Amino acid sequence: MSIPSAFLQELLARADLVEVIGRHVALRKSGANYLGLCPFHAEKSPSFTVSPAKQFYHCFGCGAHGNAIDFLMAHTGAGFREAVHDLAAQLGLTVPEDERSPAERAREAAQRQQQASLTDVLARAAQAYRAQLKAAPRAIDYLKGRGLTGQIAKTFGLGYAPPGWRFLSTVFPDYQDARLVEAGLVVASDEDTADGAASQRRHDRFRDRIMFPIRNVKGEVIGFGGRVIDGGEPKYLNSPETALFHKGEELYGLYEARSAIRQAGCALVVEGYMDVVALAQWGLGHAVATLGTACTPDHVRKLLRFTDDVVFAFDGDAAGRRAAQRALAAALPWATDTRRFRFLLLPPEHDPDSYIRAHGAEAFAAALAQATPLSRFVLEVAAEGCDLATAEGRARATAQAQPLWQALPDGALKRQLLHELAELAALEVRDLQQLWHTDARSGRAAAPSARSARSARSAPAATAPPTHRAHADAIAPGAATAATAEVPAAAPPRGRWPARADAATLQARRAARGLLGRADRIARIVLTTPQAWDWLTADDHALLAAEPPPHGPLFAWLEGQWLEHGAQPWAALREALRGQPFEALALALHDSGLGLERVDANAPEVASADHEELRRELRELLRRMRIEALKQLETDLIGRAATDPAALARYRDVVHERRRLQNEDEPV
């Protein structure tokens, strides 16, 4: 919905630009205008002027200029609509939303109210954790041992969660407040009391950990990361997904790094909280970190609001190289001719924190200056594991390069890289284009090995934004209509794979004929509906992964894909499936699901109804599957009861749970 231009004019007319900018920049009166240090580049003498008469700002140093909306977009990284809503809220105005239905407006108002309420809860918790840090010598000694000062801890709002199970009950008057669970601060589990009533046991999620508040670009706390001080697992614990916090979209330290990113002219992406804080301590304040997940296109898109130059710096070990390849996959669709992406792999024994403490800021800056450009890194990834001295090695490199190159947007970079890839493959450019065009038309991916499949999996298709969808689809066009009985051509590995592959082939043939069991139907839903895996709980994932082959391995693989990449379109999953022992089964199940799609399935109201129907079907299938699993467990426990007294008690609990599921009026 577009915002009426008349409202925008009224909004800018009512806004006091000096007041809006003054919240972020120290201004002083200078004649008819106001003067201050530019927030968009480093300067010692003020050249940033604000004209109250013209309601316009201009920097004579870097050329930045605009009105109040422009300033909020440039300074906070907000989008246009977000900046308009933010400015309107400051002035007590409501953005016109006449084109939305009353139900939609009410739903969005309720969502905004919930988010504001959760923000207040998280801010209060952050304040309590900061206060606890001041009274925790062990935590202070740990931070000092990592080379951090009190000032840097204050800048990032570091805190400490004490070891007690219910510390937050001393902070919030109502520990049973549902918002504590919704904000991810408290963990609640259901239990049955002696009289059969249901109750909840609650405890703090974070205990005996250094607390790193995660802020959005407005500076609001939306979640936390907690690090253990001594040994313990997990080393880092993040807030769960909430109405405010989506780890695939947020970057730790971005709020604190905004000005430094503009001043440095680039953003530095690392993997850990401590890397960000340690680099800031050494004067490199333009670093941000992903939140325990691989770099995503949303991360890249958010960074590109602040800079067109991004450097990814990871450990030099195998895990770091995999993280760099996933970052490459996320960056490729955004790599236009005016943007620059680079990759720095540190020595295997170092991460950014340890490297800068061992060698100093100058050595780290020198390493950043030598970071590998995206074009060269594409060549390195394409040639990985290939003997380029042989025709077979060059052919393999060509196959691995295809999805990487196709993910790039059209432009000079893509055309130049085509010439370099042709040289790598010892082919003429025309021959390479013809080869890839033929592969695209036949729907066959150039990935003859498991390594190629892994390269393709970490590349492009899974992460291409809508504007470059054509490039992602080009990786495996027609995959959705591939032969349902297609069987992986690669020879099966040693061990149990031959039997597993045979089972998968048999199941694929049954699925192609429409003979579907519960596991088949669940797999069909999650394969044809990318977001469906998000509807399932961790217990659901474990239940599905415990299914016998080939379904169990398929579900375990899907969970790995989800954890690594989030929800993916079928084109990406199809490419990653190549060479897997359950590939044929997944293809048959996906294609059987296509026949069930409604003609008008793209209509919003139809899509919403279909999704709710699919949710209900998933819940019912899982309920029945869980009942069957409990029945099998009852049989096993009865067999052990004669020699194991604990088995009988466990049997009673299992029977109670199974009957509860069977007697439910609504599916779970």
Side-chain angles (χ1 to χ4, degrees), residues 2-93 95 155 215-220 251 253-268 280 283-286 288 300-310 334 336-340:
S2 60
I3 299 175
S5 58
F7 175 79
L8 294 177
Q9 293 173 7
E10 180 185 0
L11 182 66
L12 292 173
R14 290 196 185 189
D16 182 348
L17 185 60
V18 175
E19 181 180 350
V20 172
I21 296 180
R23 294 191 180 101
H24 307 273
V25 179
L27 299 174
R28 62 178 175 82
K29 194 81 162 61
S30 177
N33 299 327
Y34 286 78
L35 195 63
L37 294 175
C38 180
F40 305 119
H41 80 287
E43 63 177 10
K44 296 182 179 179
S45 300
S47 60
F48 183 81
T49 63
V50 181
S51 170
K54 298 179 181 178
Q55 288 293 293
F56 195 78
Y57 70 87
H58 180 80
C59 176
F60 292 94
C62 67
H65 61 276
N67 55 33
I69 297 175
D70 297 325
F71 179 83
L72 290 175
M73 291 175 63
H75 188 66
T76 67
F80 175 74
R81 292 184 59 83
E82 187 179 359
V84 170
H85 279 271
D86 188 14
L87 184 59
Q90 294 179 28
L91 300 176
L93 299 176
V95 179
T155 298
R215 297 165 171 162
N216 59 19
V217 292
K218 297 179 182 179
E220 300 167 336
L251 289 159
L254 181 57
Y255 172 74
E256 293 82 1
R258 294 169 305 156
S259 296
I261 287 174
R262 293 192 179 97
Q263 293 170 8
C266 73
L268 176 60
L284 300 175
H286 58 296
V288 298
V300 177
R301 174 181 55 80
K302 185 162 287 190
L303 281 174
L304 292 176
R305 294 179 182 177
F306 299 91
T307 181
D308 287 329
D309 189 349
V310 180
W334 302 99
T336 63
D337 295 341
T338 58
R339 293 170 179 156
R340 183 166 69 151

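Since this is a predicted model, take the numbers as computed values, not measurements.
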Those residues at least two apart in sequence (or on a different chain) that pass side chain to side chain donor-acceptor pair (under 3.5 Å) with Ser47 are Glu43
Reported CG-to-CG distance for the pair Asp308 and Leu303, which is rounded to 0.5 angstrom
11.0 Å
Distance-only criterion, 3.5 Å: show the donor-acceptor pairs between side-chain atoms of residues 253-261 and protein atoms not counting sequence neighbours.
unit_1 : atom_1 : unit_2 : atom_2 : d
Glu256 : OE2    : Arg215 : NH1    : 2.7
Arg258 : NE     : Tyr255 : O      : 3.0
Arg258 : NH1    : His75  : O      : 3.2

I'd like to know if the side chain of Thr49 and the backbone of His58 have a donor-acceptor N/O pair within less than 3.5 Å.
yes
List the residues meeting side chain to side chain contact (heavy atoms under 4.5 Å, CB included) with Asp309, not counting sequence neighbours, and say none if there are none.
Cys266, Thr307, Val311, Arg340, Arg342
Please work out which of the three classes, parallel, tilted or perpendicular, describes the rings of Tyr57 and Phe40, given edges at 30° and 60°.
tilted
Asn216 side, atom CG; Leu251 side, atom CG - distance, nearest 0.5 Å
12.0 Å
Which pair of non-hydrogen atoms, one from Leu35 and one from Ser30, has the smallest distance, and what is that distance?
CB-CB, 4.1 Å
Across all chains, not counting sequence neighbours, the side chain to side chain donor-acceptor pair (under 3.5 Å) partners of Arg305 are none
Please output the side-chain donor-acceptor pairs of residues 11-26 that fall under 3.5 Å, not counting sequence neighbours, one pair per line with the distance.
unit_1 : atom_1 : unit_2 : atom_2 : d
Arg14  : NE     : Glu10  : OE2    : 3.3
Arg14  : NH2    : Glu10  : OE2    : 2.8
Asp16  : OD1    : Val18  : N      : 3.1
Glu19  : OE2    : Arg23  : NH2    : 3.1
Arg23  : NH1    : Gln90  : OE1    : 2.3

Which atom names give the shortest non-hydrogen contact between Cys59 and Phe48, and what distance separates them?
CB-CD1, 4.0 Å
Side-chain contact, heavy-atom cut-off 4.5 Å: Val217 with Phe306?
yes
Heavy-atom donor-acceptor pair, Lys302 side chain to Leu304 backbone, under 3.5 Å
no
Apply side chain to side chain donor-acceptor pair (under 3.5 Å) to Ser45 and list each qualifying residue two or more places apart in sequence or on a separate chain.
none
